[in-house]
A.B. asks: 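Let me begin by handing over the structure; questions about it come next.
Residue numbers begin at 1 in each chain, while the letters A, B, ... track the order of the sequences.
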Protein chains: 2
Amino acid sequence: MQKIDTKTKILNAAEQLFAERGFADTSLRLITSQAEVNLASVNYHFGSKKELIQAVLARYLDVFAPALESTLQSLIDKQERIDQIQVFNCLIEPLLSLDSYRHQGTTVFLSLLGRGYLESQGHLRWYIMTNYGKVVSLFNHVVREANPHLSSEEIFWRLHFTLGSVVFTMGSSKALIDIAKADFNADVDIEGLIHRVIPFIAAGVSSPAK
Amino acid sequence: MQKIDTKTKILNAAEQLFAERGFADTSLRLITSQAEVNLASVNYHFGSKKELIQAVLARYLDVFAPALESTLQSLIDKQERIDQIQVFNCLIEPLLSLDSYRHQGTTVFLSLLGRGYLESQGHLRWYIMTNYGKVVSLFNHVVREANPHLSSEEIFWRLHFTLGSVVFTMGSSKALIDIAKADFNADVDIEGLIHRVIPFIAAGVSSPAK
DNA sequence: GTCTATATATAGATAGAC
DNA sequence: GTCTATCTATATATAGAC
């Protein structure tokens with residue numbers, strides 16, 4: 001049994017609860033009792049609940065953003081002509097590697113991302129563009145290369161439709177996986193879900209302009 | 001100036017605030033001050049915040065569900081072979097008619113739906129299936145007819161991806177429309193957004209099975 | 001049905017002993 | 001760094017006068 005410091009215990013408990021219940025519905029008392037630490041330690045280590053939320057997200061983004069940048073750069077370096085499906089395949093490994101980084105890391109990260117967008121009234125979007133704008137731009141650029149028939153604006157919208165599919169599904173993935181088990185006797189895990197959603201969004205993004 | 005009763009004033013204020021800020025972040029005090037009614041009237045008319053949330057959703061679902069059922073039934077009656085894009089076109093009129101039913105009704109409804117799914121930990125899903133299960137099943141049935149190459153399970157997942165695209169985009173539509181204006185000098189309204197998302201989800205849903 | 005006043009619970013945050 | 005105890009604000013909900 002390794003010793004985990006208080007700061008990490010708080011982050012671990014907070015990310016699970018935030019992902020499951022959302023930010024507003026998760027009190028500091030719930031987090032600290034789950035983490036088995038003292039209530040006051042949250043403010044000591046993080047200053048406020050808002051800063052705790054940022055720290056939880058940053059821990060994932062600091063792993064995910066460089067990983068995605070790396071797979072995208074490999075794709076760019078490898079060949080001239082970039083194929084649509086390859087672009088989205090670039091997401092798979094960085095997303096799934098979060099599952100070995102943290103228990104259920106992929107689901108947690110995507111849930112947090114979705115909740116952050118919907119609950120924070122735009123603050124998260126600003127935070128991500130400010131701190132991780134480089135890889136967002138790179139992803140945009142590569143999608144554009146793969147879809148020369150689409151305008152920047154059309155790509156802007158379609159990438160948001162994509163984001164919606166992914167974060168909404170992952171945000172309810174626990175419930176959906178249970179339903180799939182009950183109704184279809186199907187065992188789906190997060191990896192299976194990602195492999196289902198990639199063809200869906202790839203087809204949507206590269207569909208002919210209206 | 002027509003006279004609006006207290007109950008309706010509360011519903012009108014609540015739906016706007018719930019759609020913009022989410023359920024947990026919207027207090028009864030905020031609702032009643034916006035509605036210019038007394039705080040105690042919420043409990044008098046609705047019993048509790050939870051029942052108010054249900055009433056807000058029910059007001060939309062009671063309009064939307066029969067309208068969708070009607071357009072789907074027309075499609076079934078009209079012809080033998082059902083085309084994929086026609087199925088999703090069945091959504092357009094029932095969704096847009098909410099905009100004349102209530103100010104920004106389409107956006108509000110889809111925001112509430114998305115937030116309900118993500119914030120209520122499955123209660124809303126149960127509520128919808130219990131009270132409006134008939135039209136959900138009908139929609140599922142028609143999608144299946146239009147996509148005989150897909151299994152029920154595959155359709156189950158793809159319709160959730162679809163739902164995610166729609167509710168996530170609409171839930172942030174105000175911010176996204178602002179960004180589109182700033183970055184692309186594009187004027188997009190809710191109708192334009194729906195006409196953008198329909199081809200996206202239609203392509204995704206009917207894409208070849210993996 | 002609508003109001004004031006208040007009961008009751010819970011939230012985030014902090015002071016100060018150890 | 002960690003604890004107990006507590007401050008302060010705000011939440012939902014209700015009792016009872018009008």
A.B. asks: Rounding to an integer number of Å, can you tell me how far A/L52 CG sits from C/dA13 P?
C.D. replies: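 Value for this atom pair: 10 Å.
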A.B. asks: Among D/dG1, C/dA11, D/dC3, which is the nearest nucleotide to the side chain of A/R29?
C.D. replies: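 It is C/dA11.
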A.B. asks: Assign each of A/L39 and A/H45 to its nearest nucleotide of DNA chain D by heavy atoms, then name whichever residue's nucleotide is nearer the 5' end.
C.D. replies: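 Looking at DNA chain D, the more 5' nearest nucleotide goes with A/H45.
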A.B. asks: Can you measure B/L28 atom CG to C/dT6 atom C1' for me and round it to whole angstrom units?
C.D. replies: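 Interatomic distance, CG of B/L28 to C1' of C/dT6: 16 Å.
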A.B. asks: Atom CG of A/N43 and atom C1' of C/dA11: how far apart are they, to the nearest Å?
C.D. replies: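 Whole-Å distance recorded here is 12 Å.
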A.B. asks: For DNA chain D, whose closest nucleotide is more 5', that of A/T6 or that of B/F23?
C.D. replies: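 Its nearest nucleotide lies further toward 5', so the answer is A/T6.
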A.B. asks: Describe the nucleic acid contact of B/S27 in one word from base, sugar-phosphate, nothing, applying a heavy-atom distance below 4.0 Å.
C.D. replies: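 B/S27: backbone/sugar contact only, no base atoms under 4.0 Å.
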A.B. asks: Side chain of B/N38 only, please: which of C/dG12, D/dT4, C/dC3 is the nearest?
C.D. replies: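 Closest nucleotide among those given: C/dC3.
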A.B. asks: Measure the acute angle between the ring planes of B/Y132 and B/Y127, then classify it against the limits of 30° and 60° as parallel, tilted or perpendicular.
C.D. replies: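 The rings of B/Y132 and B/Y127 stand perpendicular, inter-plane angle above 60°.
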A.B. asks: Take atom NZ of A/K3 and atom P of D/dG1, then tell me their distance rounded to the nearest Å.
C.D. replies: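 These atoms are roughly 12 Å apart.
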A.B. asks: Output the rounded distance in Å from CD1 (A/I4) to C1' (D/dG1).
C.D. replies: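 To the nearest whole Å, that distance equals 17 Å.
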A.B. asks: Distance check needed: C/dT4 P versus B/Y44 OH, whole Å only.
C.D. replies: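 Checked: the OH to P distance equals 17 Å.
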A.B. asks: Of the listed nucleotides (C/dG12, C/dG1, C/dC3), which one gets closest to any side-chain atom of B/A40?
C.D. replies: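 Nearest to the side-chain atoms of B/A40, counting from C-beta on, is C/dC3.
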A.B. asks: Looking only at non-hydrogen atoms, find the nearest pair between A/R158 and A/G204 and report the distance.
C.D. replies: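 So the minimum-distance heavy-atom pair works out to NH1-O, 3.5 Å.
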A.B. asks: Tell me the interatomic distance from B/F46, atom CZ, to D/dT14, atom P, rounded to whole angstroms.
C.D. replies: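 Rounded to whole Å, this separation is 15 Å.
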A.B. asks: I'd like to know if the side chain of A/E154 pairs up with that of A/S151 as donor and acceptor (distance under 3.5 Å, no hydrogens or angles considered).
C.D. replies: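 On atom types as modelled, these side chains do not qualify, holding no pair under 3.5 Å.
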A.B. asks: Under a 3.5 Å threshold, yes or no: a donor from one side chain and an acceptor from the other, between A/N38 and A/S41?
C.D. replies: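 On atom types as modelled, these side chains do not qualify, holding no pair under 3.5 Å.
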A.B. asks: I'd like to know if the side chain of B/E191 and the backbone of B/L96 have a donor-acceptor N/O pair within less than 3.5 Å.
C.D. replies: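 A pair under 3.5 Å: no.
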A.B. asks: Which listed nucleotide (C/dA13, C/dA15, D/dT14) is nearest to the side chain of A/K49?
C.D. replies: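 Of all the options, the side chain of A/K49 is nearest to C/dA13.
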A.B. asks: In whole Å, I'd like the distance from the CD atom of B/E36 to the C1' atom of C/dT2.
C.D. replies: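 To the nearest whole Å, that distance equals 15 Å.
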